[in-house]
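By convention in this document, chain letters (A, B, ...) are assigned in the order of the sequence lines, proteins followed by strands, and residues within each chain are numbered from 1.
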Amino acid sequence: MREIRTALLEADVNFHVVKEFTEAAKARAVGQEVLGSLTPGQAVVKIVHEEMVRILGGATVRLALAPNPPTVVMMVGLQGSGKTTTAAKIARQFVADGRRVSLVAADTQRPAAIDQLAVLAGQAGCAFYGTTPGDDPVRVAEEGVRRGSTQLADVVIVDTAGRLQIDEPLMDELGRMRETLRPKEILFVADGMTGQEAVNVARRFDERIGLTGIVLTKMDGDARGGAALSIRAVTGKPIVYIGTGEKLDGIEPFHPERIASRILG
Amino acid sequence: LLGEARVDESALEDLEDRLIQADVGVRTSAELVEIVRLGVARGEIENGESARRAMVRAVEGLVKGSSSAGAHIDAPLQGPPHVIVFAGVNGVGKTTTIAKVGARYRAQGRRVLLAAGDTFRAGAVDQLAVWAERIGADIVKQGAGADSASVAFDAVQAARARGADVLLVDTAGRLHTKTNLMEEIKKVVRVIGKALPGAPHEVLLVLDATTGQNGLVQAREFHSTIGLTGLVLTKLDGTAKGGIVIQIARDLGLPVRYVGTGEGLDDLEPFDAASYAEALFG
Ligand SMILES: Nc1nc2c(ncn2[C@@H]2O[C@H](COP(=O)(O)OP(=O)(O)OP(=O)(O)O)[C@@H](O)[C@H]2O)c(=O)[nH]1
Ligand SMILES: Nc1nc2c(ncn2[C@@H]2O[C@H](COP(=O)(O)OP(=O)(O)OP(=O)(O)O)[C@@H](O)[C@H]2O)c(=O)[nH]1
Ligand SMILES: [Mg+2]
Ligand SMILES: [Mg+2]
């Protein structure tokens, strides 16, 4: 178990999650018949792998449409995690499914963020709503959803500015946006190479605004991705997508088996 | 570790756990704690406070690095122009850091030129252009899909022609696992050297403080591909401690030059090993 603990920590699984996880796996290993053809060591690894797949979410989850259109999706997370790019990737997927989609640029603070999303909307083949830098993000989001609704959009995806979970005014802003939009989905976009702090960040975002799903980006790199287990374990929310590239086709559904193997190395 | 309490094994374990949670890594955390364990065994460390001070000194010693007297904002400029290339994986803060570093040089009255070397990402050139305007720097850019090395070459020529003191070269974010992209940045650095012998004078890897153990791999790969002269540790205004820089200092001898502490132009500080080490155990 010592080696497994070290492997998980080196894979960036959060310290406290590793503790709980190894204890749960140990309890299962002790309480279970050692499986026929495997050595005790192999049996432990097998149980650890199964336990990890179980926690990660067992099966693949899909984003479903709301009963009344438009389905509103909010993208949230720390600075630079991949929200803007992921918003466009998801938009492109819905367009490919034959849906009408609108992307809303509610990041009115980062230089050229509105331009960035406008370009990506063009690439995704969907509608776009954005105003000018400095406008109130909640107003922009609200107007974007209203227009999407009148234009009969099936899905409206709202991109927001990156922010620290400890930035109270900006977290309040996100809370107000949620209350105004009543989104069907609030997706927490997290960088796949995030280390120990993934737990504190995700927990705070979930407590403050309530997340419905997780996206883990930049998994086309060689980071082990322990943040996946940490975030899932602490929020209980499903990981809905994995970001696998810089282009708009770089998005895949989340496969717990694959990520478990990757984390375990 | 409480001030006057004796340093027992459970206190040492707490210390090790704290380091691990700061992304210092299992191996390096164990080594740092071993320093204290030996100090206690030799009778040099008697209580929690002296253990804490020993840890702070050990970390400070590691991150201070052999070249702490080297290039930073107040060091003499090379060139002209003094050329700095900013490299790193996606989203870590390269472009924003360039704006901050540029602002500092502008405050010294220097002529600053920015090179829009990210020719791939949507809005990348526009983003840097906004910053150039805000800090009073010129910008060299080309059209969509331009060759990154060609922009870098043009920028060096333009810097010489316009008498710029400092040239800051932005590059696209890239994962070190992408061979073609690592080849591209290798070419950028090589081309800069052709345009101006001795350049680039600094090659900085920008690292996000929230990054886990992959940060060490990033540093290794970028260092072996383009030869780094230092690091910038960004987003330290968040709750992550960026402990990976301790491993990087230990394994690769690379010093942290600057830390990013926010999204504004003023949110940049020269790295201070002592305060970084103190903050780890604060
Ligand atoms: N390789 C790779 N790069 C990605 C992925 N997702 C996003 N990126 C890149 O990561 C960088 C940051 O992406 P953005 O979409 O601008 O991130 P953001 O969260 O909107 O950033 P802020 O708005 O500043 O908070 C860009 O260079 C993207 O191209 C991914 O899955 N793989
Ligand atoms: N809080 C905080 N945010 C930062 C810091 N440095 C950069 N950022 C933010 O991080 C996000 C990404 O910054 P960029 O400068 O676009 O990062 P980049 O490395 O150039 O990204 P790519 O070019 O897409 O690879 C932006 O929202 C910045 O405002 C910092 O020190 N603190
Ligand atoms: Mg964005
Ligand atoms: Mg950039």
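Contacts between N14(A) and chain B at a heavy-atom distance below 4.5 Å are absent for every atom of the residue. Using a 4.5 Å cut-off between heavy atoms, R5(A) contacts chain B through its side chain alone, with no backbone atom that close. Interface residue L181(B): only side-chain heavy atoms are found under 4.5 Å from chain A. For I114(A), no part sits under 4.5 Å from any heavy atom of chain B, backbone or side chain. Heavy-atom distances place no part of V125(B) under 4.5 Å from chain A, backbone and side chain included.
Residue G221(A) comes nearest to L175(B) through the heavy atom pair N-CD1, 3.4 Å, listed as atom of the first residue, atom of the second, then distance. When all heavy atoms of D12(A) and G212(B) are compared, the pair lying nearest together is OD1-CA, 3.3 Å. Contact between Q21(B) and Q196(A) at its shortest, heavy atoms only, is O-CB, 3.3 Å. The shortest non-hydrogen separation linking I166(A) to T239(B) is CG2-CG2, 3.7 Å.
Looking at D208(B), D23(B), T210(B), T211(B) one by one, the single match for side-chain contact (heavy atoms from CB on, under 4.5 Å) with T194(A) turns out to be T210(B).
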Criterion side-chain hydrogen bond (donor to acceptor under 3.5 Å, both in side chains) on Q116(A) and Q127(B), from CA distance to verdict:
CA-CA 9 Å; Q116(A) 182 187 8; Q127(B) 183 186 6; over 6 Å; no

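For R262(A), the CZ atom sits in a packed shell: over 12 heavy atoms of surrounding residues, nucleotides or ligands are nearer than 6.0 Å.
Counting heavy-atom pairs closer than 4.5 Å to chain B, the top-ranked of the candidates E10(A), Q165(A), R110(A), R224(A) is R110(A). Counting heavy-atom pairs closer than 4.5 Å to chain B, the top-ranked of the candidates D222(A), T6(A), L164(A) is D222(A).
Taking NZ of K235(B) as the reference point, atom CD of Q79(A) lies at 6.5 Å (rounded to 0.5 Å).
M193(A) is listed as a side-chain neighbour of Q218(B), based on a closest heavy-atom distance under 4.5 Å.
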